[in-house]
Amino acid sequence: MENTFDIYRSENVKFEALSREFYQKPTLELSSNLIGTYLVHEHSSGTLAVKIVEVEAYLGAVDRAAHSFGNRRTKRTEVMFGGAGSVYMYQMHRQVLMNVVSGPEGTPEAILIRAGEPILGESLMQEFRDGRKKLEWTNGPGKLSKALDVSMEYYGHKWWEQPLYIAKGESVQSIETGPRVGIGNSLEAVHYPYRFFEKDNPYVSKFRP
DNA sequence: AATATGATTCACT
DNA sequence: GTGAATCATATTA
């Protein structure tokens with residue numbers, strides 16, 4: 001496996017990075033497939049990992065809620081015009097949001113990683129999340145970045161390469177869909193059911209009307 | 001050069 | 001539940 005590598009931790013947990021080929025599929029299908037995978041950050045202080053439990057798809061040119069609506073191409077959205085599997089990082093207020101670029105080259109689609117369930121590195125996460133309750137560590141896109149200590153430096157990184165990668169995870173019993181969060185000004189796109197999450201997982205973020 | 005605006009979070013009431 | 005924070009990015013002049 002050319003793009004696959006294994007990492008062994010003291011807890012005897014093994015992570016197998018998903019290959020570049022994993023990302024070559026329609027965005028909504030990829031979104032669904034990402035639920036249950038592991039998001040891993042090999043931090044200098046230790047390995048951090050969460051199970052992805054919530055994502056949202058942004059379908060580029062035809063999706064009014066996407067930054068790339070109408071094929072808008074700027075320095076910020078540039079990476080979405082490349083091939084699938086790159087990291088699109090977006091910063092708002094004080095938060096950093098992680099995305100998986102999707103779709104073939106020239107098709108600026110992406111998937112926002114909104115929430116995760118802590119798997120490994122909990123003491124570090126607690127530190128990065130300033131001692132908050134465990135349920136509040138990773139139940140939102142900005143919180144997730146903070147818990148994994150990920151910042152804008154990963155813009156353009158590839159999701160199959162260390163030290164920040166997505167790995168094979170667990171199969172999830174039931175995936176639900178619904179409208180996306182926080183896009184109330186996006187007209188007709190408000191109701192598109194492009195949010196995917198694991199049913200009944202307590203780390204899924206709260207919907208904001 | 002100036003302004004408007006969030007794919008959010010947190011502290012408060 | 002409400003509102004402020006707070007700043008990069010995009011847009012307008």
Side-chain angles (χ1 to χ4, degrees), chain A residues 27-28 30-32 34-35 39 50 52-82 84-103 107-118 125-157 159 164 166 175-198 202-209:
Chain A
T27 298
L28 293 179
L30 178 58
S31 301
S32 177
L34 282 171
I35 302 294
L39 171 55
V50 301
I52 295 176
V53 299
E54 179 184 2
V55 301
E56 283 176 0
Y58 287 85
L59 299 191
V62 299
D63 180 358
R64 205 172 280 277
H67 294 149
S68 50
F69 175 65
N71 283 319
R72 191 162 54 128
R73 191 165 190 157
T74 66
K75 184 163 188 250
R76 179 175 68 161
T77 62
E78 182 62 32
V79 70
M80 287 194 274
F81 287 84
S86 290
V87 177
Y88 171 45
M89 302 289 285
Y90 163 61
Q91 195 165 353
M92 79 166 294
H93 293 80
R94 277 256 141 121
Q95 328 303 329
V96 174
L97 284 63
M98 282 181 280
N99 299 256
V100 178
V101 172
S102 180
T107 305
E109 302 183 345
I111 301 163
L112 169 66
I113 305 173
R114 283 195 60 86
E117 174 182 333
M125 286 187 208
Q126 181 173 46
E127 183 182 322
F128 293 141
R129 290 294 292 128
D130 205 25
R132 287 182 166 77
K133 290 192 320 175
K134 184 174 174 182
L135 274 171
E136 306 292 321
W137 292 350
T138 53
N139 65 337
K143 298 175 185 179
L144 186 57
S145 297
K146 195 98 195 300
L148 298 181
D149 196 30
V150 168
S151 61
M152 287 298 290
E153 68 191 277
Y154 287 107
Y155 182 97
H157 178 76
W159 276 117
L164 180 69
I166 294 174
I175 295 174
E176 297 201 328
T177 62
R180 291 170 292 184
V181 179
I183 56 161
N185 55 343
S186 298
L187 305 176
E188 81 279 0
V190 163
H191 302 294
Y192 297 171
Y194 293 164
R195 180 188 189 209
F196 298 76
F197 54 97
E198 181 181 11
Y203 293 94
V204 172
S205 71
K206 308 285 181 287
F207 184 79
R208 283 196 317 291

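Quick caveat: nothing in here was measured; it's all calculated off a predicted structure. Per chain, numbering begins at 1; letters A, B, ... match sequence-line order.
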Q: Flag the pair A:L164 / A:W159 as yes when at least one side-chain heavy-atom distance between them is below 4.5 Å, and no otherwise.
A: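 A:L164 vs A:W159: side chains touch.
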Q: Of all the heavy-atom pairs spanning A:A110 and A:M80, show the shortest one and how long it is.
A: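 It is CB-SD, 3.6 Å.
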Q: Of the options A:I111, A:I183, A:T27, which is the one that meets A:Y58 in a side-chain contact (heavy atoms from CB on, under 4.5 Å)?
A: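 Looking at A:I111, A:I183, A:T27, the match for A:Y58 under the side-chain contact (heavy atoms from CB on, under 4.5 Å) is A:I183.
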Q: DNA chain B: A:R129 or A:A66, which has the more 5' nearest nucleotide?
A: A:A66
Q: Find out whether A:P141 and A:L112 are in side-chain contact, i.e. whether some heavy atom of one side chain is under 4.5 Å from a heavy atom of the other.
A: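 Of all side-chain heavy-atom pairs linking A:L112 with A:P141, at least one is under 4.5 Å.
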Q: Report yes if the side chains of A:M89 and A:V150 come closer than 4.5 Å at any heavy-atom pair, otherwise no.
A: yes
Q: Looking at A:R94, I'd like to know whether one of its side-chain N or O atoms comes within less than 4.0 Å of OP1 or OP2 on C:dC7.
A: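 Indeed, a polar side-chain atom of A:R94 lies that close.
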Q: Going 5' to 3' on DNA chain B, which nucleotide is the first and which the last to come under 4.0 Å of a heavy atom in chain A?
A: B:dG6 to B:dA11
Q: Looking across every strand, which nucleic acid part, if any, lies under 4.0 Å from A:N185 by heavy atom: base, sugar-phosphate, or nothing?
A: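 Contact class for A:N185: sugar-phosphate only.
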Q: To check you understand the geometry: which heavy-atom pair defines the closest contact between A:S102 and A:A84, and what is its length?
A: CA-CB, 3.9 Å
Q: Distance check needed: C:dC7 P versus A:Y90 OH, whole Å only.
A: 14 Å
Q: Indicate yes or no for a side-chain donor-acceptor contact from A:Y88 to the backbone of A:E109 under 3.5 Å, with no hydrogens or angles considered.
A: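 Between the backbone of A:E109 and the side chain of A:Y88 there is no qualifying donor-acceptor contact (under 3.5 Å).
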Q: Charged N to carboxylate O under 4.0 angstrom, A:E136 versus A:K143?
A: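 Between A:K143 and A:E136 there is a salt bridge, with a charged N closer than 4.0 Å to a carboxylate O.
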Q: What nucleic acid atoms does A:R208 come within less than 4.0 Å of, heavy atoms only: base, sugar-phosphate, or nothing?
A: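 If one applies the 4.0 Å heavy-atom cut-off, A:R208 turns out to touch a base.
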Q: Rounded to the nearest Å, what distance is computed from the NE2 atom of residue A:H93 to the P atom of nucleotide C:dG3?
A: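 In whole Å, C:dG3 P lies 15 Å from A:H93 NE2.
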Q: Please figure out whether A:M92 or A:K75 has its closest DNA chain C nucleotide nearer the 5' end.
A: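 Result: A:M92.
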Q: Is any side-chain N or O of A:R72 closer than 4.0 Å to OP1 or OP2 of C:dT9?
A: no
Q: Mapping A:R132 and A:E56 to their closest nucleotides on DNA chain B, which lands nearer the 5' end?
A: A:E56
Q: What are the two closest non-hydrogen atoms of A:V55 and A:S31, and how far apart are they?
A: CG2-O, 3.5 Å
Q: Which part of the nucleic acid, if any, lies within contact of A:L112, taking any heavy atom under 4.0 Å across all strands shown: a base, the sugar-phosphate backbone alone, or nothing?
A: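 Result for A:L112 = base.
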Q: Pairing of DNA chain B as dot-bracket, 5' to 3': ( ) intra-strand, [ ] crossing, | other strand, . unpaired, with Watson-Crick or G-U pairs under 3.5 Å?
A: ||||||.|||||.
